[in-house]
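What you see is a predicted model; the values in this text were computed from it and never measured. Basis for what follows: all heavy atoms, side chains included, without hydrogens, waters or symmetry-related copies.
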Amino acid sequence: MVVGDFPEEVDTLVVGAGPGGYVAAIRAAQMGQKVTIVDKGNLGGVCLNVGCIPSKALISAGHRYEHAKGSEDMGIVAENVSVNFDKVQEWKGQIVNKLTGGVESLLKANKVDIVKGEAYFVDKNTVKIMDEKNSQTYKFNNCIIATGSRTIELKPFPYSDRVLDSTGALNLKEIPEKLVVIGGGYIGTELGGAYASFGSEVTILEGTKDILGGFEKGMTQLVKKRLKNKGVDIVTEAMAQGVEETDNGVKVTYEVKGEEKTIDADYLLVTVGRRPNTDEMGLEDIGLEMNDKGIIQTDKQCRTNLDNIYAIGDIVDGPQLAHKASYEGKIAAEAISGEKSEIDYLGIPAVVFSDPELASVGYSEDGAKEAGYEVVAKKFPFAANGRALSLNDSDGFVKLVTRKSDGLVIGAQVAGPNASDLIAELGLAVEAGMTAEDLALTIHAHPTLGEAVMEAAEVVLGMPIHTA
């Protein structure tokens with residue numbers, strides 16, 4: 001970074017280069033804006049570096065190990081299967097490096113200037129960007145803040161070599177013999193399940209009545225069944241009290257129904273949520289409106305109370321999802337360019353890469369009823385799908401939630417193989433205002449998992465072929 005007395009001037013400054021920021025920068029540049037993007041860390045943010053991508057790589061490797069050990073039901077028997085975890089971590093790192101390198105190439109191809117450093121807002125049109133040695137002032141016409149979030153650290157569980165956040169869990173040098181996870185949300189369930197696939201003895205401590213809150217009980221039951229088959233102990237309504245580090249691990253104290261218990265493990269993973277990165281940036285000093293949790297208030301075009309500053313991703317209201325941030329980044333960039341684009345979250349999917357995978361879009365059955373809709377909600381089981389049976393992975397279902405008056409698809413849930421991919425068609429159905437009849441009349445290739453979508457639509461219409 002060059003120190004200068006005169007400020008650099010840009011049309012649009014993007015602060016944060018995660019899946020929201022870099023997408024916003026590229027879209028803004030495509031629309032003719034002179035764009036600079038700044039980030040103090042690696043391009044790609046949490047998602048590409050220490051979140052979505054490396055966690056899915058670890059989950060995939062765990063599944064491969066499980067499959068390699070054999071499938072006796074299919075007549076496949078294997079012996080002496082082992083894991084070289086150093087190699088697993090090396091492979092995971094190669095994926096991360098490839099994707100983050102790809103982000104840099106895409107930004108440069110779109111003529112976006114990349115600056116390394118931390119941004120501090122001086123006023124609504126000026127920031128200072130600082131690295132370890134220098135600082136430079138930037139003047140901007142518009143700014144998109146996309147600084148993401150960080151893990152919440154609980155006072156009784158300060159992070160250390162043995163008490164881990166999700167980043168630490170992803171970068172372990174060894175497969176733990178025993179792992180305790182505090183928090184049965186999607187991160188705790190995914191990472192706990194991944195290490196269980198590698199053979200770890202995993203205990204999940206969840207403070208509420210069930211894991212994976214927000215998903216229907218019929219979906220979470222399938223995940224709990226698979227976890228228990230892997231030897232995972234799920235303790236609900238458990239309040240973690242504290243941790244004592246020993247020479248070789250941790251001793252975790254928790255309370256269930258008034259009874260105090262302890263458990264020993266090699267590591268403790270704490271996954272109890274994330275907080276927005278909106279502090280120490282000078283945002284309060286320039287009058288940007290935030291709530292008491294540091295969430296920035298925005299309108300339907302991602303615009304803050306300061307009309308030239310926009311905010312997207314984990315730092316605004318709504319679920320903390322990478323694809324939400326990317327979507328909002330496009331909206332903000334288009335709004336700056338004068339387009340009438342605005343956010344509409346109806347078709348935003350939620351996915352958990354558990355075993356089996358869970359995915360949901362639009363309304364749940366209960367949510368639709370609470371919103372005042374009279375609905376028809378029906379399932380088609382993967383147990384009746386030829387492709388699922390041939391994969392030896394037939395637990396789960398596709399469920400459609402439709403408006404009773406006209407069959408409009410207003411929601412869908414998938415639990416089972418490739419749910420994360422199947423939800424895309426259902427998200428399109430919700431977004432495009434399609435009906436159950438539209439899905440039923442769409443010819444799906446055979447034999448595929450996607451046929452379950454068509455079949456679920458036929459169940460809704462009262463004319464099922466492959467289920468009674």
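Heavy atoms only, all atoms of each residue included: A17 and D39 are closest at N-OD2, 2.7 Å. Nearest heavy atoms, G282 versus Y120: N-CE1, 3.5 Å. Shortest non-hydrogen contact noted between T271 and G183 is OG1-O, 3.3 Å. The heavy-atom pair separating Q413 from S364 by the smallest distance is NE2-CA, 3.4 Å. Contact between A119 and V15 at its shortest, heavy atoms only, is CB-CG1, 3.9 Å. Closest approach of G20 and A146 over heavy atoms only: C-CB, 4.3 Å.
One finds the CD atom of Q320 at 11.0 Å from the CD1 atom of I315 (value rounded to the nearest 0.5 Å). Atoms NZ and CG, from K133 and D131 in turn, are 8.0 Å apart once rounded to the nearest 0.5 Å. R303 CZ to Q297 CD: the interatomic distance, rounded to the nearest 0.5 Å, is 15.5 Å. In this structure, N418 CG and I423 CD1 are separated by 12.5 Å, a value rounded to the nearest 0.5 Å. Taken to the nearest 0.5 Å, the NZ atom of K225 stands 7.0 Å off from the CG atom of N229. How far OG1 of T36 is from CD of E8: 7.5 Å, rounded to the nearest 0.5 Å.
Applying the side-chain contact (heavy atoms from CB on, under 4.5 Å) test between K69 and each of V81, V77, I76 identifies V81 as the sole match. Tested against L227, the residues D355, V202, I234 include a single side-chain contact (heavy atoms from CB on, under 4.5 Å) partner, I234.
Residues satisfying the side chain to side chain donor-acceptor pair (under 3.5 Å) test with Q89, not counting sequence neighbours, are K92.
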Report the C-alpha separation of S197 and K230 in whole Å, then their side-chain angles, then the decisive distance to 0.1 Å, and conclude whether the side-chain hydrogen bond (donor to acceptor under 3.5 Å, both in side chains) test is met. CA-CA 7 Å; S197 295; K230 297 175 193 281; 3.1 Å; yes

Go through K128 and S135 one step at a time and tell me if the side-chain hydrogen bond (donor to acceptor under 3.5 Å, both in side chains) criterion holds. CA-CA 6 Å; K128 276 192 176 295; S135 70; 4.6 Å; no

For side chain to side chain contact (heavy atoms under 4.5 Å, CB included), just list the numbers for M281 and E118, CA-CA rounded to whole Å, side-chain angles, deciding distance to a tenth of an Å, and then say yes or no. CA-CA 8 Å; M281 294 172 58; E118 295 189 53; over 6 Å; no

For the pair L358 and V351, evaluate side chain to side chain contact (heavy atoms under 4.5 Å, CB included) and give the outcome as yes or no after the intermediate values. CA-CA 6 Å; L358 305 182; V351 176; over 6 Å; no

Please assess D233 against I204 for the test side chain to side chain contact (heavy atoms under 4.5 Å, CB included), listing each intermediate value before the final yes or no. CA-CA 6 Å; D233 185 18; I204 296 176; over 6 Å; no

L13 and N142: side chain to side chain contact (heavy atoms under 4.5 Å, CB included), yes or no, with the steps? CA-CA 6 Å; L13 177 72; N142 294 282; over 6 Å; no

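Heavy atoms of other residues, nucleotides or ligands lying less than 6.0 angstrom from CZ of R150 number more than 12. No more than 12 heavy atoms of other residues, nucleotides or ligands shown are found within 6.0 angstrom of CD on E201. The neighbour count for D161 CG, taken as heavy atoms of other residues, nucleotides or ligands under 6.0 Å away, does not exceed 12. The neighbour count for Q241 CD, taken as heavy atoms of other residues, nucleotides or ligands under 6.0 Å away, is above 12. Residue K56 places its NZ atom among more than 12 non-hydrogen atoms of other residues, nucleotides or ligands, all under 6.0 Å distant.
In this structure a side-chain-to-backbone donor-acceptor pair under 3.5 Å is present from K324 to G313. Counting only distance, with no hydrogens or angles, the side chain of N308 and the backbone of K124 share a donor-acceptor pair below 3.5 Å. Between the T246 side chain and the G249 main chain, a donor and an acceptor come within less than 3.5 Å of each other. Without hydrogens or angle criteria, S390 side chain to R387 main chain gives a donor-acceptor distance under 3.5 Å. The main-chain N or O of E177 is found under 3.5 Å from a side-chain atom of D266 such that the two form a donor-acceptor pair. Proximity of a side-chain donor or acceptor of H323 to a complementary backbone N or O of I348 within less than 3.5 Å is not detected. With hydrogens and angles disregarded, no donor-acceptor distance shorter than 3.5 Å links the side chain of D165 to the backbone of E153. S200 places no side-chain N or O within donor-acceptor distance of the main-chain N or O of A196, the cut-off being under 3.5 Å. With E357 contributing its side chain and S420 its backbone, the two residues share a donor-acceptor pair below 3.5 Å.
You'll find the side chain of T12 stays beyond 4.5 Å of the side chain of C143, heavy atoms only. Contact of the V352 side chain with the E190 side chain is registered, since non-hydrogen atoms from C-beta on lie closer than 4.5 Å. Within the 4.5 Å cutoff, side-chain heavy atoms of I286 are placed close to those of L306. By the 4.5 Å heavy-atom criterion applied to side chains, R274 and V46 are counted as neighbours. The closest side-chain heavy-atom distance from L346 to V430 is below 4.5 Å. Side-chain contact check for V398 versus F382: some heavy-atom pair is nearer than 4.5 Å. Counting only heavy atoms from C-beta outward, the side chains of T137 and T126 approach each other to under 4.5 Å. In this structure, the side chains of F353 and S60 stay at 4.5 Å or more apart for every pair of heavy atoms.
For the 3.5 Å distance criterion, the side chains of D210 and T220 qualify, holding a donor opposite an acceptor. When only modelled atom types and interatomic distance are considered, Y345 and E328 share a side-chain donor-acceptor pair under 3.5 Å. For the residue pair Y327 and D344, no side-chain donor N or O sits within less than 3.5 Å of a side-chain acceptor on the partner. T236 and E206 form no side-chain donor-acceptor contact under 3.5 Å, judged by distance and modelled atom types alone. In this model, no donor atom of one side chain and acceptor atom of the other lie less than 3.5 Å apart for T147 and N277. If you check the side chains of T262 and K251, you find no donor sitting under 3.5 Å from an acceptor. For the residue pair Y267 and E174, a side-chain donor N or O sits within less than 3.5 Å of a side-chain acceptor on the partner. Defined by atom type and a distance below 3.5 Å, a donor-acceptor pair is present between the side-chain atoms of E245 and S160.
Screening residues 65-117 for ring-ring contact (aromatic ring centres under 6.0 Å, His included), with sequence neighbours left out, gives F85-F198.
With salt bridges taken as basic N to acidic carboxylate O contacts below 4.0 Å, one links D395 and R226.
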